[in-house]
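Shown next, in structure tokens, is the structure this report addresses.
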Amino acid sequence: MPAAGLGTRFLPTTKAVPKELLPVVDTPGIEHVAAEAAEAGASRLVIVTSPGKEAVADYFAPQPELEATLAERGKDALLAKVRRAPALLAVETATQAEALGLGHAVGCAEPNLRPEDEAVAVLLPDDLVLPTGVLARMAQVRAEKGGTVLCAFDIPKEQISAYGVFDVEDTGDEDVKKVNGMVEKPPADQAPSTYAAAGRYLLDRAIFDALKRITPGAGGELQLTDAIALLITEGHPVHVVVHRGGRHDLGNPGGFLRAAVDFALDDPDYGPSLLEWLRARISR
């Protein structure tokens, strides 16, 4: 899980608080994504951080003193919340010393892999993919077809120029497409499809060799999509699973606020009063 960025769109808050720990209601987005990984069967999580962002990994560590205090005071519901994240996965870290792109961040995690690790899931903590379950479906497709499997959304054509877009061909499954190439932010009339990349990747271990053989792209960064495109040219099978659900982008304040409102409306404690307030506020 890449979490080394500066969070510039959330300044000045991110001078002191990592963006990944900002709460969606009362739970950081990174915990939601970690829970998704655990639900899909993952047991280990490598968080790629940068110097000064140790708090992101610390969030997943037990807090014995806090837990003892909550237990003494009979705060059982809060105690369960505090214990939730440490129980999800075994967390370790890798360090990205410089912000050199998503591809570079993924490459920083290679030393954390074990010999038996044939693939690695990369989940962007800025993306909440709803409902959960797409990662398990991606694993199923990889078991059937091998190679690398990515998540895609079917985007209205007039919006497609804001995304990385897949050049695809059909398979026997409407929601599984074979990928022949990728184009970054094409004009709408030149886009090869309406299937856009989302923040979920199930990458064959071959990706680490490809990352060593690509050159920096825009902004001097190593792009993960460039490494995937290289593998495609070499005959490596790549497929996408089209997710028909929803998504929240936590990478900017506007998207973050929409996610917070969406989650709060579904919360039995906060939802009813929030809905009442929103109706009154909108009427004004």
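Sequential numbering from 1 along the given sequence is applied to the chain's residues. Everything quoted here is computed from the prediction, not taken from an experiment.
A donor-acceptor contact shorter than 3.5 Å is absent between the side chain of E98 and the backbone of L100. The closest donor-acceptor contact from the side chain of T95 to the backbone of A97 lies at 3.5 Å or more, if one exists at all.
Residue pairs meeting the salt bridge (charged side-chain N to carboxylate O under 4.0 Å, His left out) criterion with at least one partner in residues 1-24, sequence neighbours excluded, are K19-D126, E20-K53. Pairs of residues two or more places apart, or lying in two chains, never qualify as side-chain hydrogen bond (donor to acceptor under 3.5 Å, both in side chains) while including a residue from residues 159-168. Sorted by first and then second residue, the ring pair (Phe, Tyr, Trp, His ring centres under 6.0 Å) pairs involving residues 251-284 (not counting sequence neighbours) are F10-F256, H32-F263. Pairs of residues two or more places apart, or lying in two chains, that qualify as side-chain hydrogen bond (donor to acceptor under 3.5 Å, both in side chains) and include a residue from residues 55-82 are D26-K81, E31-Y59, E67-R83. Here ring pair (Phe, Tyr, Trp, His ring centres under 6.0 Å) pairs that include residues 85-106, with residues two or more places apart or in two chains, number zero. Screening residues 124-155 for ring pair (Phe, Tyr, Trp, His ring centres under 6.0 Å) gives F153-H243 as the qualifying pairs, with residues at least two apart or on separate chains.
Annotation for E234: atom CD counts as buried by contact number, over 12 foreign heavy atoms lying within 6.0 Å. Within a 6.0 Å sphere centred on CG of L113, heavy atoms belonging to other residues, nucleotides or ligands number more than 12. For R244, the CZ atom is densely surrounded, since the number of other residues' heavy atoms within 6.0 Å is greater than 12. Annotation for E169: atom CD counts as buried by contact number, over 12 foreign heavy atoms lying within 6.0 Å.
Contact record, L88 with A35: CD1-N, 3.8 Å, taken as the closest heavy-atom pair. Residues I160 and A188 approach most closely at CG2-CA, 3.8 Å, considering heavy atoms. For A61 against P86, the heavy-atom pair with the smallest separation is O-CG, 3.7 Å. Here the closest non-hydrogen pair linking A94 and C108 is CB-O, 3.5 Å. C151 approaches F166 most closely through the heavy-atom pair O-CE1, 4.1 Å. Residues G29 and V24 share a closest heavy-atom pair of N-CG2, 4.2 Å.
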Before giving the answer on side chain to side chain donor-acceptor pair (under 3.5 Å), spell out for H236 and T148 the whole-Å C-alpha distance, their side-chain angles and the decisive distance to 0.1 Å. CA-CA 8 Å; H236 179 88; T148 286; 3.1 Å; yes

Side chain to side chain contact (heavy atoms under 4.5 Å, CB included) assessment of V134 paired with V241: CA-CA 8 Å; V134 69; V241 169; 4.1 Å; yes

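Residues meeting the salt bridge (Lys or Arg N to Asp or Glu O under 4.0 Å) test with K185, sequence neighbours left out: none. The salt bridge (Lys or Arg N to Asp or Glu O under 4.0 Å) search around K177 returns D170, not counting sequence neighbours. Annotation: salt bridge (Lys or Arg N to Asp or Glu O under 4.0 Å) contacts of D249 (sequence neighbours excluded): none. E54 meets the salt bridge (Lys or Arg N to Asp or Glu O under 4.0 Å) test with no other residue; sequence neighbours excluded. Applying the side chain to side chain donor-acceptor pair (under 3.5 Å) rule to T27 yields the partners R84; only residues at least two apart in sequence or on another chain are considered.
In the hydrophobic clustering of this structure, V122 does not group with F60; members are Ile, Leu, Val, Met, Phe, Trp, Tyr whose side-chain heavy atoms approach within less than 4.5 Å, directly or through other members. One hydrophobic cluster holds both L250 and V33 under the rule that ILVMFWY side chains link at heavy-atom gaps under 4.5 Å. Cluster annotation: V168 is connected to V242 through the hydrophobic network of ILVMFWY side chains, with a link wherever side-chain heavy atoms come within less than 4.5 Å. Each of L274 and V25 belongs to its own hydrophobic cluster when Ile, Leu, Val, Met, Phe, Trp and Tyr are linked at side-chain heavy-atom distances under 4.5 angstrom. Under a hydrophobic-cluster definition in which Ile, Leu, Val, Met, Phe, Trp and Tyr are linked whenever side-chain heavy atoms come within less than 4.5 Å, directly or via other members, V165 and I232 are assigned to different clusters.
Contact annotation: the side chain of V56 approaches that of P18 to within less than 4.5 Å [non-hydrogen atoms, C-beta and beyond]. Counting only heavy atoms from C-beta outward, the side chains of D262 and H248 approach each other to under 4.5 Å. Using a 4.5 Å heavy-atom threshold, the side chains of M1 and V46 count as separate. Contact check for V176 versus R137: side-chain heavy atoms found under the 4.5 Å cut-off.
Taking CG of L128 as the start and CD1 of I30 as the end, the distance is 11.0 Å to the nearest 0.5 Å. Atom-to-atom distance recorded for L231:CG and D226:CG is 11.0 Å, nearest 0.5 angstrom. Of the inter-residue distances, the one linking L66 atom CG with L79 atom CG reads 8.0 Å to the nearest 0.5 angstrom. For the atom pair T233 OG1 and I228 CD1, the distance stands at 12.5 Å (nearest 0.5 Å). Taken from CG in L21 to OG1 in T14, the straight-line distance is 11.5 Å, to the nearest 0.5 Å. Taking CD from E144 and CG from D173, the interatomic distance works out to 8.0 Å, rounded to the nearest 0.5 Å.
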Under 3.5 Å, side-chain donor or acceptor atoms of residues 194-211 against the rest of the protein: list the pairs with distances, not counting sequence neighbours.
residue: T194; atom: OG1; partner: D154; partner atom: OD1; Å: 2.6
residue: R200; atom: NE; partner: E36; partner atom: OE1; Å: 3.3
residue: R200; atom: NE; partner: E36; partner atom: OE2; Å: 3.0
residue: R200; atom: NH1; partner: L124; partner atom: O; Å: 3.4
residue: R200; atom: NH1; partner: D127; partner atom: O; Å: 3.3
residue: R200; atom: NH2; partner: E36; partner atom: OE1; Å: 2.8
residue: R200; atom: NH2; partner: D127; partner atom: O; Å: 2.7
residue: D204; atom: OD1; partner: A206; partner atom: N; Å: 2.9
residue: D204; atom: OD2; partner: R142; partner atom: NH1; Å: 3.1
residue: R205; atom: NH1; partner: R114; partner atom: O; Å: 2.6
residue: R205; atom: NH1; partner: D117; partner atom: O; Å: 2.9
residue: D209; atom: OD2; partner: R213; partner atom: NE; Å: 3.0
residue: D209; atom: OD2; partner: R213; partner atom: NH2; Å: 3.2

